[in-house]
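In what follows, a single structure is set out as structure tokens and then discussed.
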Protein chains: 2
Amino acid sequence: MSGTQRERGRGAAPGRDGDRRQTILRAAVDVFASKGYHGCRIADVAREAGVAYGLVYHYFKNKDELLQTVFEEGWGGFIQRIRDVIGREQHLSAQVRAVTEVAFEAYRHDPRGVRVLILEIARSPAGGRVDRHGVFSEVLSLAAGMFRSAQARGELREGLDPILCAATLFGSLEMALTASVLRLVDLSGEGMERTKRQVADGFLSGVLATG
Amino acid sequence: MSGTQRERGRGAAPGRDGDRRQTILRAAVDVFASKGYHGCRIADVAREAGVAYGLVYHYFKNKDELLQTVFEEGWGGFIQRIRDVIGREQHLSAQVRAVTEVAFEAYRHDPRGVRVLILEIARSPAGGRVDRHGVFSEVLSLAAGMFRSAQARGELREGLDPILCAATLFGSLEMALTASVLRLVDLSGEGMERTKRQVADGFLSGVLATG
DNA sequence: CGCCGGGTTGATTCTGAAATCAACCTCTTC
DNA sequence: GAAGAGGTTGATTTCAGAATCAACCCGGCG
């Protein structure tokens with residue numbers, strides 16, 4: 001029983017900012033991106049954020065809630081942007097190109113964030129209550145609605161299943177980005193434009209009513 | 001210190017079979033499919049296999065090796081079948097349809113196995129040394145080679161990146177299967193044929209040289 | 001100037017699951 | 001039918017890492 005240490009908690013320096021929460025969230029994304037959710041410890045997140053271990057638990061009930069927050073805020077933003085561009089454009093071809101644009105732009109702006117959302121969270125039954133089914137359904141339903149409308153307008157070929165169209169579109173996008181993450185495809189400078197065009201136009205000529 | 005129990009190990013009943021190893025592997029696939037790699041304990045696998053805890057460690061060095069084996073045997077078989085059909089068919093359109101056939105057939109034959117390979121292992125940095133990069137590269141390279149040859153024969157549109165073609169093809173397939181796993185698309189009876197056709201033909205009309 | 005209050009700290013505790021291991025059992029061999 | 005070999009068992013050990021918590025530090029307020 002070596003006497004109780006005296007040098008515990010060095011204390012609060014709320015200086016300005018106060019957005020420790022945001023700092024922690026950002027750090028969590030970075031750590032998840034490099035080591036994966038299960039592969040990292042709360043200690044890693046804290047260190048990355050330059051913050052004490054315990055503070056993570058001040059802002060988030062537990063590790064799972066931290067993941068869930070990353071998840072929800074990330075996908076929430078993405079879905080919102082998708083919804084926006086779908087609403088803004090009139091024709092299917094423009095909509096598909098805009099969706100492609102959003103996906104690749106998100107990647108360009110924050111590769112690690114996209115990496116986490118795509119490779120990490122969206123799939124594996126991570127930890128606890130991340131509602132994959134719900135989010136996937138939401139994205140696919142959103143796009144499916146777009147395809148259904150287009151079909152009603154006669155822009156989408158008859159007989160195609162709108163949900164399946166949504167699935168193949170996002171599947172193509174996702175795998176193209178995955179290939180980028182794995183450095184199999186080059187997205188620097190000119191490559192990115194070519195890639196976007198190939199994905200969007202290739203998909204479109206497979207589904208448009210007028211070849 | 002209540003005396004050492006006397007009723008340890010009830011012992012070996014190799015009866016016939018002897019393929020406890022296979023039983024364990026199969027059980028691992030099932031458990032991974034329903035609870036995920038990280039979400040399950042070795043105890044779960046053992047129980048599912050109807051086998052003692054320790055036996056799992058008799059056949060596999062550790063949890064990671066178990067996962068890796070599931071991974072390698074699963075993808076190994078899939079890749080081999082892909083390689084076969086690509087070699088057997090002459091034209092790109094037939095090849096793509098055959099690849100689609102293989103993917104959906106695998107799913108019909110063993111949904112849980114496919115689920116694990118796709119949703120669980122292929123993506124998230126599960127556990128330790130599962131070589132995602134390698135496997136992804138292998139599949140994508142395989143398909144990319146197919147597209148490159150087709151391009152040389154003039155069957156694939158000029159200017160398309162073969163690797164990106166491979167990515168979008170497998171992306172479409174994968175997401176279509178994911179949607180099936182999540183019960184968003186119906187694959188029973190007639191639905192399966194329609195789905196295969198939509199995926200393969202849609203993709204083809206986006207890349208074939210002759211519209 | 002003393003004393004709140006709440007953001008902040010990190011050593012300590014606790015949990016649960018991986019890995020170990022010695023006993024055990026059944027079949028095979030001579 | 002005794003000895004040996006290897007498959008099989010599950011209680012025990014071990015340990016990483018999540019979660020706790022009492023002490024702390026700082027600004028504000030009376």
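Note that the structure is predicted; figures quoted are calculated from it, not measured. Throughout, a chain's letter reflects where its sequence line sits, starting with A, and its residues are numbered from 1.
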[atom1] of [X] versus [atom2] of [N]: gap in Å, rounded?
X	N	atom1	atom2	value
A:Leu55	D:dC26	CG	P	16 Å
A:Arg20	C:dT9	CZ	C1'	11 Å
B:Asp19	D:dG7	CG	P	13 Å
A:Ile24	C:dT9	CD1	C1'	12 Å

> Which pairs with one or both residues in residues 97-106 of chain A pass side chain to side chain donor-acceptor pair (under 3.5 Å), sequence neighbours excluded?
Replying inline: A:Arg97-A:Asp201, A:Glu101-A:Lys196, A:Glu105-A:Arg108

Between the protein and nucleotides 18-21 of chain C, list every N/O to N/O distance that falls short of 3.5 Å.
unit_1 : atom_1 : unit_2  : atom_2 : d
C:dA18 : OP1    : B:Lys63 : NZ     : 3.1
C:dA18 : OP2    : B:Ile42 : N      : 3.2
C:dA18 : N7     : B:Tyr53 : OH     : 3.3
C:dA19 : OP2    : B:Tyr57 : OH     : 3.0
C:dA19 : OP2    : B:Lys63 : N      : 3.1
C:dA19 : N7     : B:Tyr53 : OH     : 3.1

>> Quick check for you: among D:dT8, C:dT8, D:dT9, whose closest atom lies nearest to any side-chain atom of B:Tyr59?
In response: D:dT8

> So, is B:His58 close to the D:dG7 phosphate, meaning a side-chain N or O under 4.0 Å from OP1 or OP2?
Replying inline: yes

> For B:Tyr57, is the NZ or CZ atom of B:Lys63 found under 6.0 angstrom from the centre of its six-membered ring and inside 45 degrees of the ring axis?
Replying inline: no

Determine whether a donor-acceptor pair (N or O, by modelled atom type, separation under 3.5 Å) exists between the side chain of [X] and the backbone of [Y].
X	Y	answer
B:Gln80	B:Trp75	no
B:Asp110	B:Gly113	yes
A:Gln95	A:Ile86	yes

>> Nearest 0.5 angstrom please: B:Ser141 OG to B:Arg148 CZ, how far?
In response: 8.0 Å

